[in-house]
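Everything on this sheet refers to the single structure shown next.
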Amino acid sequence: MKKQVVLYKKLSALLMARLHEQAEVTLIESLDADGLARLRDALPRAHGLLGASLKLDAELLDLAPDLEAIASVSVGVDNYDIDYLTERRILLSNTPDVLTETTADTGFALILATARRVVELANMVRAGQWSRNLGPAHFGSDVHGKTLGIIGMGRIGEALAQRGHCGFGMPVIYHSHSPKPAVEQRFNAQYRSLGELLQQADFICLTLPLTAETERLIGAEEFALMRPQSIFINISRGKVVDEAALIEALGAGRIRAAGLDVFEREPLNLDSPLLQMDNVVATPHMGSATHETREAMARCAVDNLLAALAGERPANLVNPSVWKD
Ligand SMILES: NC(=O)C1=CN([C@@H]2O[C@H](COP(=O)(O)OP(=O)(O)OC[C@H]3O[C@@H](n4cnc5c(N)ncnc54)[C@H](OP(=O)(O)O)[C@@H]3O)[C@@H](O)[C@H]2O)C=CC1
Ligand SMILES: O=CC(=O)O
């Protein structure tokens with residue numbers, strides 16, 4: 001008998017056809033109140049789940065006694081209680097690698113947009129306020145040659161280092177759990193303590209996961225270490241930052257600008273002070289959002305799920321202790 005799969009993310013026709021060949025599929029098209037009610041109805045039959053952007057807590061998982069595998073269409077796994085999944089022996093997989101380059105592109109777009117004030121000045125043109133040649137009040141700052149500071153030197157951090165070093169001649173400094181000799185060799189990158197990096201970098205970029213250890217890693221004390229010309233970029237997770245402290249630092253001129261793809265609460269509320277600041281570029285968690293990459297992520301998640309349901313080890317298993325050869 002075919003296994004039951006519940007999708008809470010719509011897939012391309014090609015991937016839907018692949019899933020339908022191998023499983024009975026229930027599709028929850030959107031996670032509004034109606035969709036969530038349909039999800040709760042479907043969970044008691046589910047052997048596999050595939051989707052993203054939903055906090056799958058124990059209360060929801062307890063509705064699914066037969067659940068064998070979850071395939072997240074994301075690399076970040078902060079929406080899952082991994083200990084609980086492991087206790088229940090549910091295989092959790094994610095989609096690393098396929099989104100690395102695209103997310104690093106987004107990070108670099110935020111670096112350029114904040115430093116060169118792209119959004120602010122483009123809005124000025126749209127508003128009919130471009131009446132004479134630009135003067136110093138509208139000048140930005142250079143990106144090339146400035147020091148790129150990367151916090152979390154993993155896949156995306158390394159791809160950002162490549163762009164900065166090879167494309168823009170930027171000295172790269174980084175902070176991670178441990179030094180990365182291969183990255184140091186490729187990009188002439190240098191390891192720093194967190195405090196040193198915050199004091200020395202022109203661009204401070206977060207590329208680490210949200211974990212118990214990184215939650216609110218960057219708060220008032222850390223912003224106080226940055227320089228008034230520093231630009232802060234977050235493409236990791238909003239909760240790695242104390243957002244109130246970020247707003248305070250921007251308001252007080254303790255840092256120059258921020259490029260933010262992620263926020264404490266998403267979607268970002270329209271009344272957020274961040275949206276009143278010309279020196280903030282806010283994007284809607286679009287790090288991996290290109291046609292090509294989102295399709296590659298979905299394909300990767302489908303591969304992971306079908307492998308798990310067929311009794312094979314998924315390529316991107318997040319909780320390997322569940323697996324028994
Ligand atoms: N904005 C968006 O749309 C996207 C956001 N993301 C976010 O980016 C994150 C990173 O993805 P990816 O690069 O693939 O992940 P990786 O696991 O490859 O890299 C994360 C790095 O962070 C480091 N790290 C973890 N905890 C700490 C800490 N406490 N202090 C210092 N360094 C730490 C790790 O360092 P070490 O190796 O030394 O342990 C690791 O190398 C994801 O978890 C996700 O949250 C990802 C994709 C898109
Ligand atoms: O935020 C996106 C992810 O893949 O993680």
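The structure displayed is predicted, hence computed values, not measured ones.
Remark: Asn133 CG to His138 NE2 distance equals 12.0 Å, nearest 0.5 Å. Distance check, rounded to the nearest 0.5 Å: CD1 of Ile204 to CE of Met226 gives 4.0 Å. In this structure, Arg88 CZ and Asp83 CG are separated by 14.0 Å, a value rounded to the nearest 0.5 Å. Put simply, CZ on Phe223 and CG on Leu198 are 9.0 Å apart, with the number rounded to the nearest 0.5 Å. Between the CG atom in Leu206 and the CG atom in Leu217 there is a gap of 7.5 Å [rounded to 0.5 Å]. For the atom pair Asn304 CG and Leu317 CG, the distance stands at 8.5 Å (nearest 0.5 Å).
Counting only distance, with no hydrogens or angles, the side chain of Asn319 and the backbone of Val322 share no donor-acceptor pair below 3.5 Å. Using modelled atom types, one side-chain atom of Thr207 and one backbone atom of Gly152 make a donor-acceptor pair closer than 3.5 Å. Between the side chain of Glu215 and the backbone N or O of Ala212, no donor-acceptor pair lies under 3.5 Å. Side-chain atoms of Ser272 come within 3.5 Å of backbone N or O of Leu274 as a donor-acceptor pair. Proximity of a side-chain donor or acceptor of Ser176 to a complementary backbone N or O of Met153 within less than 3.5 Å is detected.
Contact check for Ser288 versus Thr290: no side-chain heavy atoms found under the 4.5 Å cut-off. Side-chain contact check for Leu305 versus Val5: some heavy-atom pair is nearer than 4.5 Å. Val75 is listed as a side-chain neighbour of Arg155, based on a closest heavy-atom distance under 4.5 Å. The shortest side-chain heavy-atom distance between Ile111 and Cys205 falls under the 4.5 Å cut-off. Between Arg254 and Pro228 the shortest side-chain heavy-atom distance does not fall below 4.5 Å. Counting only heavy atoms from C-beta outward, the side chains of Val318 and Ile82 approach each other to under 4.5 Å.
The two residues Ala308 and Leu91 have their closest heavy-atom pair at CB-CD1, 3.8 Å. Here the closest heavy-atom approach between residue Leu112 and residue Val118 is recorded as O-CG2, 3.9 Å. Thr214 approaches Thr211 most closely through the heavy-atom pair OG1-N, 2.8 Å. For the pair Pro179 and Glu184, the tightest heavy-atom approach, listed with the atom from each and the gap, is CB-OE2, 3.9 Å. In terms of heavy-atom proximity, Cys300 sits nearest to Asn316 at SG-OD1, 3.3 Å. For Ala115 against Val143, the heavy-atom pair with the smallest separation is CB-CG2, 3.6 Å.
Between the side chains of Tyr84 and Asp62, at least one donor N or O lies within less than 3.5 Å of an accepting N or O. Gln199 and Arg227 share no side-chain donor-acceptor pair at under 3.5 Å. For the residue pair Ser230 and Arg256, no side-chain donor N or O sits within less than 3.5 Å of a side-chain acceptor on the partner.
Take Ala301 and apply the side-chain contact (heavy atoms from CB on, under 4.5 Å) test, not counting sequence neighbours, and it matches Leu50, Ala71, Val73, Thr95. For Lys146, the side-chain contact (heavy atoms from CB on, under 4.5 Å) test picks out Ser141, Asp142, Met170, Asp202, Phe203, with sequence neighbours left out. For Phe108, the ring pair (Phe, Tyr, Trp, His ring centres under 6.0 Å) test picks out Phe168, with sequence neighbours left out. Not counting sequence neighbours, Glu222 has no partner by the salt bridge (Lys or Arg N to Asp or Glu O under 4.0 Å) test. Residues passing the side-chain contact (heavy atoms from CB on, under 4.5 Å) test with Thr106, sequence neighbours excluded: Asp261, Met286. Residues passing the ring pair (Phe, Tyr, Trp, His ring centres under 6.0 Å) test with His175, sequence neighbours excluded: Tyr191.
Note on Phe232 and Leu194: same hydrophobic cluster, where clusters join Ile, Leu, Val, Met, Phe, Trp and Tyr whose side-chain heavy atoms are under 4.5 Å apart, directly or indirectly. The cluster map of Ile, Leu, Val, Met, Phe, Trp and Tyr, joined by side-chain heavy atoms under 4.5 Å apart, puts Leu54 and Met297 in different clusters. The hydrophobic cluster containing Tyr80 also contains Ile90, counting ILVMFWY residues as joined when their side-chain heavy atoms lie under 4.5 angstrom apart, directly or transitively. Under a hydrophobic clustering in which Ile, Leu, Val, Met, Phe, Trp and Tyr are joined whenever their side-chain heavy atoms come within less than 4.5 Å, directly or via other members, Val280 and Ile255 fall into the same cluster. Each of Ile173 and Ile233 belongs to its own hydrophobic cluster when Ile, Leu, Val, Met, Phe, Trp and Tyr are linked at side-chain heavy-atom distances under 4.5 angstrom.
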Apply side-chain hydrogen bond (donor to acceptor under 3.5 Å, both in side chains) to Asn234 and Ser236, showing your working. CA-CA 6 Å; Asn234 189 3; Ser236 68; 2.9 Å; yes
Would Lys3 and Glu68 count as a salt bridge (charged side-chain N to carboxylate O under 4.0 Å, His left out) if you check the C-alpha gap in whole Å, the side-chain angles of each, and the deciding distance to 0.1 Å? CA-CA 10 Å; Lys3 297 258 167 101; Glu68 297 169 20; 3.2 Å; yes
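Pairs of residues two or more places apart, or lying in two chains, that qualify as salt bridge (charged side-chain N to carboxylate O under 4.0 Å, His left out) and include a residue from residues 112-132 are Arg117-Glu120. The stretch residues 14-27 participates, sequence neighbours left out, in these side-chain hydrogen bond (donor to acceptor under 3.5 Å, both in side chains) pairs: Arg18-Asp303. The side-chain hydrogen bond (donor to acceptor under 3.5 Å, both in side chains) pairs that include a residue from residues 47-57 number zero, where partners must be two or more places apart or lie in different chains.
Ion pairing between Asp78 and Arg237 holds under the 4.0 Å rule for side-chain N and carboxylate O. Between Glu264 and Arg216 a salt bridge is recorded (basic side-chain N to carboxylate O distance below 4.0 Å).
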Kindly list each side-chain donor-acceptor pair under 3.5 angstrom involving residues 6-14, sequence neighbours excluded, with atom names and distances?
{"residue": "Ser12", "atom": "OG", "partner": "Leu15", "partner atom": "N", "Å": "3.4"}
{"residue": "Ser12", "atom": "OG", "partner": "Glu295", "partner atom": "OE1", "Å": "3.3"}
{"residue": "Ser12", "atom": "OG", "partner": "Glu295", "partner atom": "OE2", "Å": "2.8"}

Just distance, no hydrogens or angles: give the donor-acceptor pairs under 3.5 Å from side chains in residues 32-41, sequence neighbours left out.
{"residue": "Asp32", "atom": "OD1", "partner": "Ser30", "partner atom": "OG", "Å": "3.3"}
{"residue": "Asp32", "atom": "OD1", "partner": "Asp34", "partner atom": "N", "Å": "3.4"}
{"residue": "Asp32", "atom": "OD1", "partner": "Gly35", "partner atom": "N", "Å": "2.8"}
{"residue": "Asp32", "atom": "OD2", "partner": "Ser30", "partner atom": "OG", "Å": "3.3"}
{"residue": "Arg38", "atom": "NH1", "partner": "Leu27", "partner atom": "O", "Å": "3.4"}
{"residue": "Arg38", "atom": "NH2", "partner": "Leu27", "partner atom": "O", "Å": "3.3"}
{"residue": "Arg40", "atom": "NH2", "partner": "Glu59", "partner atom": "OE2", "Å": "2.6"}

Do any side-chain atoms of residues 156-167 form donor-acceptor pairs under 3.5 angstrom with protein atoms, and if so which ones, sequence neighbours left out?
{"residue": "Glu158", "atom": "OE2", "partner": "Arg186", "partner atom": "NH1", "Å": "2.8"}
{"residue": "Arg163", "atom": "NE", "partner": "Asp105", "partner atom": "OD1", "Å": "2.8"}
{"residue": "Arg163", "atom": "NH1", "partner": "Glu101", "partner atom": "OE1", "Å": "3.0"}
{"residue": "Arg163", "atom": "NH1", "partner": "Ala159", "partner atom": "O", "Å": "2.8"}
{"residue": "Arg163", "atom": "NH2", "partner": "Glu101", "partner atom": "O", "Å": "3.2"}
{"residue": "Arg163", "atom": "NH2", "partner": "Glu101", "partner atom": "OE1", "Å": "2.8"}
{"residue": "Arg163", "atom": "NH2", "partner": "Asp105", "partner atom": "OD1", "Å": "2.9"}
{"residue": "His165", "atom": "ND1", "partner": "Phe187", "partner atom": "O", "Å": "3.2"}

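Each of Thr102, Thr100, Thr103 was checked for a side chain to side chain donor-acceptor pair (under 3.5 Å) with Thr293, and the lone residue meeting it is Thr102.
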